[in-house]
Amino acid sequence: MYPPIEPYETGKLKVSELHTLYYELSGSKDGNPVCLNAGGPGGGADEQDRSFFNPTKYKIVLFDQRGAGKSTPTACLEENTTWDLVKDLERVREHLGVDKWHVFGGSWGSTLSLAYAQAHPDRVKTLVLRGIFTLRKSELKFFYQEGASHLFPEAWDDFTAPIPEAERHDMMLAYHAQLTSVDDETRIRAAKAWSKWEMVTSKLYVDPKQIAHAEEDVWANAFARIENHYFVNDGFMRDGQLLDQQEIDKIRHIPCTVVQGRYDVVCPATTAWALKKVWPEIEFHIVPDAGHSSREPGIAALLVKATDKYADI
């Protein structure tokens, strides 16, 4: 990855009567624009993500999605759907005077990137995607009900602990009740447990810093509430929509690189493979010694290689 850099511009963009987005620009003012879609939803942009791009060639656009990071109001679920975020991307693009841009995203960021590209294929130069996630019921069931639980049984016990046994047959719905509770203690306890489950399972070698992040009240509250809100609503899409042949045909002309960790249990490789089968033209990489995180060395190296490849398009 490239050395850390600081933004040369930050700003706020009002996208509705309720929501205002934080955005920042870094790299080259005259560079090739690239939009980075953060994971989550609800996670907010990570300043380290600037380092996936050559700062002399790219104008790097990072922004916090509705309710996340420095965007306001924090953790807000109102007017917060996939299609609101797709519209926000267009608002950011137009606000910055960008005609077409590269689009980069991992995990939920890959979901949003695909949804945006399918809605606005004429605005996307290339796609660089990591840890493919399309919010199919089967994907959500694997991570939040039965699947990943078999691989991380001790962490699963921690995840199920806040939920009464009688409600554990539908963990997402049970968590939804607690994450939308008016009782602060109930909500924050659930938010930390929800967030910790994802942090524990995200890397091949568990990162204590990520787990500590899940203990931060404000971050965990936004991350868990917004993620759960999207997931109990199936991403506000029909099941499998992003993988439909008719949707893929809209973006088939866009150069696309996919990087997937073999041992990603948050977004298992079966979804990336399903995308490859319906869109065989993509450049497809399975990293044999990696989990979910973009910080896995093999994943990071391939992401940078992809952005370098597309830098002059």
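Just so it is clear, the model here is predicted, and its values are computed rather than measured. The residues of the chain are indexed from 1 along the displayed sequence.
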Exercise. How close do Ala119 and Pro121 get, heavy atom to heavy atom, and via which atoms?
Worked result: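 Smallest interatomic distance, heavy atoms only, reads C-CD, 3.5 Å.
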Exercise. Which heavy-atom pair separates Ala222 from Gly67 by the least distance, and what is that distance?
Worked result: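 The answer is CB-O, 3.7 Å.
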If we only count heavy atoms from C-beta on, is the [X] to [Y] side-chain gap below 4.5 Å?
X	Y	result
Tyr175	Pro162	yes
Val86	His120	yes
Arg91	Leu13	yes
Ile211	Pro208	no
Asp30	Lys59	no
His19	Gln65	no
Ile5	Ile60	yes
Phe159	Arg168	no

Could you list the donor-acceptor pairs under 3.5 angstrom formed by side chains in residues 301-313, with sequence neighbours left out?
unit_1 : atom_1 : unit_2 : atom_2 : d
Thr307 : OG1    : Phe52  : O      : 2.7
Thr307 : OG1    : Val304 : O      : 3.0
Asp308 : OD1    : Tyr2   : OH     : 2.8
Asp308 : OD2    : Tyr2   : OH     : 3.3
Lys309 : NZ     : Glu283 : OE1    : 2.5
Tyr310 : OH     : Thr257 : OG1    : 2.8
Asp312 : OD2    : Lys57  : NZ     : 3.2

Ring centroids only, cut at 6.0 angstrom: are [X] and [Y] within range, meaning strictly under it?
X	Y	answer
His229	Phe236	yes
Phe223	Trp219	yes
Phe63	Tyr23	no

For this session: Would you check, one step at a time, whether the test salt bridge (charged side-chain N to carboxylate O under 4.0 Å, His left out) holds for Lys87 with Asp84?
Result: CA-CA 5 Å; Lys87 291 175 183 176; Asp84 288 316; 5.2 Å; no
Would you find a donor on one side and an acceptor on the other, under 3.5 Å apart, between the side chain of [X] and the backbone of [Y]?
X	Y	answer
Arg123	Asp99	yes
Arg66	Asn80	no
Arg187	Ser181	yes
Glu9	Leu25	no
Arg130	Gln260	no
Thr82	Gly235	yes
Ser110	Ser107	yes

[atom2] on [Y] to [atom1] on [X], rounded to 0.5 Å:
X	Y	atom1	atom2	result
Leu135	Cys267	CG	SG	9.0 Å
Asn228	Asn233	CG	CG	9.0 Å
Gln241	Gln118	CD	CD	7.0 Å
Tyr22	Thr72	OH	OG1	13.0 Å
Arg189	Leu179	CZ	CG	10.5 Å
Ile248	Leu275	CD1	CG	5.0 Å

Spell out, yes or no, whether [X] and [Y] are grouped together once hydrophobic residues are joined by side-chain heavy atoms under 4.5 Å, including indirect joins.
X	Y	value
Leu112	Ile251	yes
Trp279	Phe104	no
Phe152	Ile163	yes
Phe133	Trp83	yes
Val103	Val128	no

For this session: Determine, for Asp122 against Lys100, whether the closest basic-nitrogen to carboxylate-oxygen distance falls under 4.0 angstrom.
Result: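 Lys100 and Asp122: not salt-bridged.
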Exercise. Between Asp158 and Lys196, does at least one N-O distance fall below 4.0 Å, as a salt bridge requires?
Worked result: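 Yes, Asp158 and Lys196 are salt-bridged.
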For this session: Hey, can you tell me if Phe231 and Tyr144 have their rings parallel, tilted or perpendicular (30° and 60° cut-offs)?
Result: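 Tilted.
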Exercise. Other than Tyr205, which residues form its hydrophobic cluster under the rule that side-chain heavy atoms must be closer than 4.5 Å?
Worked result: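 Once heavy-atom contacts under 4.5 Å are chained together, Tyr205 belongs with Leu204, Tyr263.
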Problem set entry | Members besides Leu173 in its Ile/Leu/Val/Met/Phe/Trp/Tyr cluster (side-chain heavy atoms under 4.5 Å) |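 Direct or chained contacts put Leu173 with none.
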Show me the side-chain donor-acceptor pairs of residues 34-47 shorter than 3.5 Å, one per line, residues at least two apart or across chains.
unit_1 : atom_1 : unit_2 : atom_2 : d
Asn37  : ND2    : Ser113 : OG     : 2.9
Asp46  : OD1    : Gln48  : N      : 2.9
Asp46  : OD2    : Arg295 : NH2    : 3.1

For this session: Using distance alone, with no hydrogens and no angle criterion, decide if Trp108 and Glu227 have a side-chain donor and acceptor under 3.5 Å apart.
Result: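 No donor-acceptor contact under 3.5 Å links the two side chains.
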For this session: For Glu139 and Thr134, test the side chains for any donor-to-acceptor distance below 3.5 angstrom and give the result as yes or no.
Result: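 There is such a pair between these side chains.
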For this session: Take Gln178 and Trp194 through the test side-chain hydrogen bond (donor to acceptor under 3.5 Å, both in side chains) and record every step on the way to the result.
Result: CA-CA 11 Å; Gln178 295 196 16; Trp194 176 281; over 6 Å; no
Exercise. Got a sec, which residues hit side-chain contact (heavy atoms from CB on, under 4.5 Å) with Phe284, two or more places apart in sequence or on another chain?
Worked result: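 Result, side-chain contact (heavy atoms from CB on, under 4.5 Å) vs Phe284: Val258, Ala272, Trp273, Lys276, Ile282, Ile286.
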Exercise. Hey, mind stepping through Glu24 and Tyr8 against side-chain hydrogen bond (donor to acceptor under 3.5 Å, both in side chains) and telling me if it holds?
Worked result: CA-CA 8 Å; Glu24 61 171 54; Tyr8 63 79; over 6 Å; no
Problem set entry | salt bridge (Lys or Arg N to Asp or Glu O under 4.0 Å), paired with Asp234, selected from Lys141, Arg136, Lys137 |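 That would be Lys137; it is the only one of Lys141, Arg136, Lys137 passing the salt bridge (Lys or Arg N to Asp or Glu O under 4.0 Å) with Asp234.
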Exercise. Should His292 and Ser202 be marked as a side-chain hydrogen bond (donor to acceptor under 3.5 Å, both in side chains) after you check the CA-CA gap, both sets of side-chain angles, and the distance that decides it?
Worked result: CA-CA 5 Å; His292 178 66; Ser202 284; 5.0 Å; no
Problem set entry | side-chain hydrogen bond (donor to acceptor under 3.5 Å, both in side chains) between Lys192 and Asn221, worked out | CA-CA 7 Å; Lys192 288 181 177 180; Asn221 187 49; over 6 Å; no
Problem set entry | Intermediate values then yes/no, side chain to side chain contact (heavy atoms under 4.5 Å, CB included), Tyr116 and Glu90 | CA-CA 9 Å; Tyr116 173 75; Glu90 276 296 272; 2.6 Å; yes
Exercise. Looking at Glu215, Glu216, Gln210, Lys209, which hits side chain to side chain donor-acceptor pair (under 3.5 Å) with His213?
Worked result: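 Checked Glu215, Glu216, Gln210, Lys209 against His213; only one passes side chain to side chain donor-acceptor pair (under 3.5 Å): Glu216.
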Exercise. What pairs with His285 under ring-ring contact (aromatic ring centres under 6.0 Å, His included), at least two apart in sequence or on another chain?
Worked result: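 For His285, no residue satisfies ring-ring contact (aromatic ring centres under 6.0 Å, His included) once neighbours in sequence are set aside.
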